[in-house]
Visitor: 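This is the structure I want to talk about, given as structure tokens.
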Amino acid sequence: MSIIRSVFRGSGAYLPEKIVTNADLARIVDTTDEWIVERSGIKERRIAADGELTSDMGLAAAKAALEDAQMDAQDVDLIVLATATPDQTFPATAVTVQAELGITHGAAFDLQAVCSGFVYGLSVADNFLKAGQHKRALVIGSETFSRILDWEDRTTCVLFGDGAGAVVLEAQEQPGGPGDRGIFTTHLRSDGRYRDKLYVDGGPSSTMTTGHLKMEGREVFRHAVTNIASIMRVALDANGLSPEDIDWFVPHQANKRILDGTAKKLGTTDEKIVITLDRHGNTSAASIPLALDTARKDGRIKDGDLVLMEAMGGGFTWGAVLARW
Ligand code: ACO
């Protein structure tokens with residue numbers, strides 16, 4: 001019996017030009033390259049230029065993904081843009097991208113799940129496509145975290161970066177077996193009891209300001225390893241797979257030590273994990289599509305490969321997506 005699956009047709013990415021190294025940061029706050037590399041694995045990150053917006057980067061990534069898919073923007077009837085750093089409080093950054101792409105049909109909206117945004121976005125788009133409500137979706141993760149960082153707080157400002165990534169999903173009939181292409185299952189979780197472990201101390205309804213990122217690093221770290229390993233297990237079990245069956249793990253790029261801790265819990269090896277955080281830092285909702293695009297363009301992820309994506313972020317929110325590219 002054939003079924004509808006959301007098949008990945010293309011990917012794209014955009015990184016701002018400006019590179020900020022750990023040595024650059026050591027001139028602003030009391031830190032060292034050694035400390036940052038040892039605690040996080042991050043060596044450098046990109047920072048958006050003055051006036052360069054989340055929508056500009058999301059648009060660039062979307063155009064690259066459409067080109068990769070050899071698809072016209074008019075073929076897209078759904079845009080889900082995951083971001084915690086929208087251009088404005090409203091309208092959604094997604095409608096700016098929609099307008100810039102010249103699309104006047106279908107729907108475009110933002111999705112807010114912080115670092116889990118892209119995984120949440122894939123899940124939402126997948127369900128719309130499977131339900132037959134839309135046919136082709138752009139799922140974009142775009143962030144300008146540099147604008148919500150406290151550049152005097154060395155415990156947070158060294159960890160994040162700016163950037164955008166996007167994929168094009170298309171509803172396609174597939175045979176309904178393990179060799180299908182596209183998304184197999186998505187798994188989303190949240191637990192709002194932990195919303196004060198990683199948050200921004202501002203917002204339109206509370207302070208009428210944008211605010212700055214605040215984090216209890218150790219608490220986030222502890223929950224991240226447990227929650228990520230657990231949701232990856234859920235995704236594998238739901239598909240009757242074990243870690244050995246997966247060709248590529250594409251995790252949210254928060255911290256190398258979180259990735260190592262999770263890999264250890266799951267019993268998998270480093271060679272199968274796509275890592276870009278050394279060059280990008282934590283780009284929140286953009287990190288998975290940036291890593292996906294990197295590994296596709298350098299030839300690691302090939303058509304037919306089984307890919308397991310996972311993320312955890314503020315909220316806490318977390319989730320996983322298992323798909324065959
Ligand atoms: N440079 C130098 N020293 C620093 C820096 C810095 N940039 N930041 C903190 N320190 C100091 C602290 O002040 C502290 O000094 P003290 O012992 O004199 O008080 C010391 O380093 C140790 O600080 P801890 O916070 O205990 O360091 P820890 O080993 O926990 O590492 C880190 C901190 C990297 C933030 C870690 O907790 C972590 O990775 N947490 C996960 C956070 C994360 O990845 N968040 C991303 C968003 S959530 C997500 O995407 C999953």
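Indexing begins at 1, ligand by ligand and atom by atom, following the structure's order.
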Visitor: Does a sphere of radius 6.0 Å around CZ in R195 hold more than 12 heavy atoms from other residues, nucleotides or ligands, not counting ones at 6.0 Å or beyond?
Guide: no
Visitor: Using a distance-only test with no angle check, is there a side-chain donor-acceptor pair under 3.5 angstrom linking E143 and T283?
Guide: no
Visitor: Measuring from each atom of ligand 1, which residues have a heavy atom under 4.0 Å away?
Guide: D30, T31, W35, R39, C115, R154, T155, V158, L159, F160, L198, M215, G217, R218, V220, F221, H252, A254, N255, R257, I258, N282, M312
Visitor: Strictly below 4.0 Å, N to O, side chains only: are D30 and R154 in salt-bridge contact?
Guide: yes
Visitor: Using a strict 4.0 Å threshold on nitrogen-to-oxygen distance, state whether K264 and D260 make a salt bridge.
Guide: no
Visitor: Around atom NZ of K130, are there more than 12 heavy atoms of other residues, nucleotides or ligands at under 6.0 Å?
Guide: yes
Visitor: Under the side chain to side chain donor-acceptor pair (under 3.5 Å) rule, what pairs show up with a residue in residues 310-325, not counting sequence neighbours?
Guide: S116-T317
